[in-house]
Protein chains: 2
Amino acid sequence: MEKKLRTKDKIVQASIELFNAQGERQVTTNHIAAHLGISPGNLYYHFRNKEDILRHIFKEYTRLLESRIQPPGDNAEALDALANYLDVVFELMWRFHFFYANLPDILARDPALHKEYQSVQEHVLARVIRVLNALRQAGVIEMPEQETSEFAHTIKLVVTFWISYLKTQAPEQIIDQASVYQGVLKVLLLFKPYASPAAMPRILQLQQHYQRLARQSESVSV
Amino acid sequence: MEKKLRTKDKIVQASIELFNAQGERQVTTNHIAAHLGISPGNLYYHFRNKEDILRHIFKEYTRLLESRIQPPGDNAEALDALANYLDVVFELMWRFHFFYANLPDILARDPALHKEYQSVQEHVLARVIRVLNALRQAGVIEMPEQETSEFAHTIKLVVTFWISYLKTQAPEQIIDQASVYQGVLKVLLLFKPYASPAAMPRILQLQQHYQRLARQSESVSV
DNA sequence: GTCTATAGAAGGATAGAC
DNA sequence: GTCTATCCTTCTATAGAC
């Protein structure tokens, strides 16, 4: 929240910016330093190497994820929990989209980061399963209980690689916030065939909500 | 089919092998040359650069894809067309899994290859839509017509990034043929909620077929 | 904390002899 | 067609002065 950032924080913020704009692989430590008007030596005073920067970025990502997602105890309304999950996940996906654009590559280069990522993903999977079970119990979806876990994996796959899919389909890598939100619609589509007739209006309402957010983007008509 | 391969073909074959085993990014032109016991200079006599090799590999991939997939006119049985699509796509995915393991990265480095890939993908999308329409007309699935295209994209996304998902989830990148076939099961799961009661037995039968192929792998229990 | 200068390593690619 | 030798470029990372 402070206006004055220490150099270390400025490096993290500039890295996120540059990675998102040009791709993580394209941006070197020298580029980051030049962008900030500092020397490479100074950057290496604050971080051991580029992986070290990436780990800090991931920590920041995790911190935001955990702070924004609804606490598990909050049983207000099953569909609200789903919307909250989608809101949080896709907004962070937009803010850190460089990470999702080349996930296997980034993880393969740093086993320590890969481990951390997996540990976070276990929590995410558990949360998705919890949301699905709540939706079943609330009568929103009709889904065999033994399919829940598999379905949760499918959701996670679609969410995680939506950005990558966009990049492989689009002629240029024009990823904007609206195109990211088209991914939410893809996830909702997965739910639709499971929706109970009674819950259909609410699902359609949710769909329209995200359609508005995704509208601005004509980049990909998928 | 010939036993004697020209050096150029040997380079392509060795590249596929090494890329699959160690990842495309990790394998340099020098590695490829050394593996074949030839000089780097010799390799560069046959190929302008590494991208040139990758383009040749992709051409080989495309050739196999088109030669094995059922011709569109063949209206024998809608579910057979689906099985044929899954068989061909996942078998080739296994043989060229390095390509799928880092698709956005590989495509981002070579705009020409990206264009070719997109052109092939358009054909694939059209084929998937044709299969879906055939399944609807045969009464195998019940799906609103206006959802078909979106659903086809979802299938393509899940297929394309199944390998990447495996790599992000598994502790080590142990991709074997059985784990690749678990992706077929994920795709079938997408179909299940749309299956008409009458067709369910056939779908389950297909599911069991691929479960046998996927059985050997305990690497990931997703 | 920050800078300048530079070492060091890796990979891609080419020249020229055979 | 193939080899040896080598250059060029890019990037990471460190040493040492301020």
Side-chain angles (χ1 to χ4, degrees), chain A residues 2-58 98 101-102 105-113, chain B residues 2-58 98-99 101-102 105-114:
Chain A
E2 313 181 30
K3 197 82 188 178
K4 292 288 172 211
L5 289 174
R6 292 170 308 147
T7 298
K8 185 158 185 172
D9 295 321
K10 283 200 281 190
I11 292 169
V12 170
Q13 293 311 314
S15 299
I16 295 173
E17 254 180 65
L18 293 173
F19 290 165
N20 277 335
Q22 301 168 37
E24 182 268 337
R25 202 85 206 206
Q26 279 65 49
V27 177
T28 70
T29 47
N30 278 8
H31 291 150
I32 300 167
H35 181 80
L36 285 169
I38 66 172
S39 67
N42 193 0
L43 184 146
Y44 278 95
Y45 170 80
H46 290 285
F47 293 95
R48 284 178 54 206
N49 49 37
K50 199 179 170 187
E51 291 177 357
D52 196 18
I53 299 178
L54 280 167
R55 290 201 202 110
H56 273 78
I57 293 177
F58 185 71
F98 80 87
N102 251 331
D105 185 46
I106 292 173
L107 297 183
R109 270 180 287 143
D110 184 352
L113 182 61
Chain B
E2 310 181 32
K3 197 82 187 176
K4 290 288 170 210
L5 289 174
R6 290 169 312 146
T7 299
K8 185 159 186 171
D9 296 321
K10 282 201 280 190
I11 292 169
V12 169
Q13 293 311 316
S15 298
I16 295 173
E17 253 179 66
L18 293 174
F19 289 165
N20 277 335
Q22 300 168 39
E24 183 267 337
R25 202 86 206 205
Q26 280 65 48
V27 176
T28 71
T29 47
N30 279 8
H31 291 151
I32 299 167
H35 180 80
L36 285 170
I38 66 173
S39 66
N42 193 0
L43 183 147
Y44 277 95
Y45 170 80
H46 291 285
F47 294 94
R48 283 177 54 209
N49 49 38
K50 199 180 171 187
E51 291 177 357
D52 196 18
I53 299 177
L54 279 168
R55 291 202 200 107
H56 273 77
I57 293 178
F58 185 71
F98 80 88
F99 188 69
N102 251 331
D105 185 47
I106 292 173
L107 297 182
R109 270 181 288 144
D110 184 353
L113 182 61
H114 198 162

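All of these numbers come straight from a predicted model, not from anything done at the bench. Hydrogens, waters and symmetry mates are skipped; everything else that's a heavy atom, side chains included, is used. In what follows, chains are A, B, ... by sequence order, proteins preceding strands, each numbered from 1.
Taking atom CG of B:N30 as the reference point, atom P of D:dC7 lies 16 Å away to the nearest angstrom. If you measure from atom CG of A:L43 to atom P of C:dT4, you get 14 Å, rounded to the nearest angstrom. One interatomic measurement links the two molecules: CG of B:L36 to C1' of D:dT2, which rounds to 13 Å at whole-angstrom precision. Whole-Å rounding puts the A:N42 CG to C:dG1 P distance at 9 Å. Summarising the geometry, the separation between CG on B:L5 and C1' on D:dG1 is reported as 16 Å, rounded to the nearest angstrom. Nucleotide D:dT10 holds its P atom 14 Å from the CD atom of A:Q26, rounded to whole Å. Atom pair B:H46:NE2 and D:dC3:C1' shows a separation of 12 Å (rounding to whole Å applied). Distance CZ (B:R25) to P (D:dC11): 11 Å, rounded to an integer number of Å.
A donor-acceptor pair under 3.5 Å is formed between the side chain of B:H31 and the backbone N or O of B:T28. At least one donor-acceptor pair under 3.5 Å links the side chain of B:D52 to the backbone N or O of B:R48.
Between B:H31 and C:dA10 there is no side-chain N or O to OP1 or OP2 distance below 4.0 Å. Using a 4.0 Å cut-off, some side-chain N or O of A:Y44 falls inside it from OP1 or OP2 of D:dA13. Under 4.0 angstrom from either OP1 or OP2 of C:dT2 there lies no side-chain N or O belonging to A:Y45.
Here B:S39 lies in heavy-atom contact (under 4.0 Å) with a base. Backbone-only engagement by B:N49 is indicated by non-hydrogen atom pairs under 4.0 Å involving sugar-phosphate atoms exclusively. At a threshold of 4.0 angstrom between heavy atoms, the contacts of A:T28 are confined to the sugar-phosphate backbone, with no base atom among them.
In this structure, the separation between CD1 on A:I11 and CD1 on A:I38 is 4.0 Å, given to the nearest 0.5 Å. Distance check: A:T7 OG1 to A:Y45 OH gives 10.0 Å after rounding to the nearest 0.5 Å.
With salt bridges taken as basic N to acidic carboxylate O contacts below 4.0 Å, one links B:D105 and B:R25.
Each of B:I38 and A:T29 lies near DNA chain D, and the nucleotide nearest B:I38 is the one positioned closer to the 5' end. Of the two residues near DNA chain D, B:R6 and B:G41, the one whose nearest nucleotide lies more 5' is B:R6.
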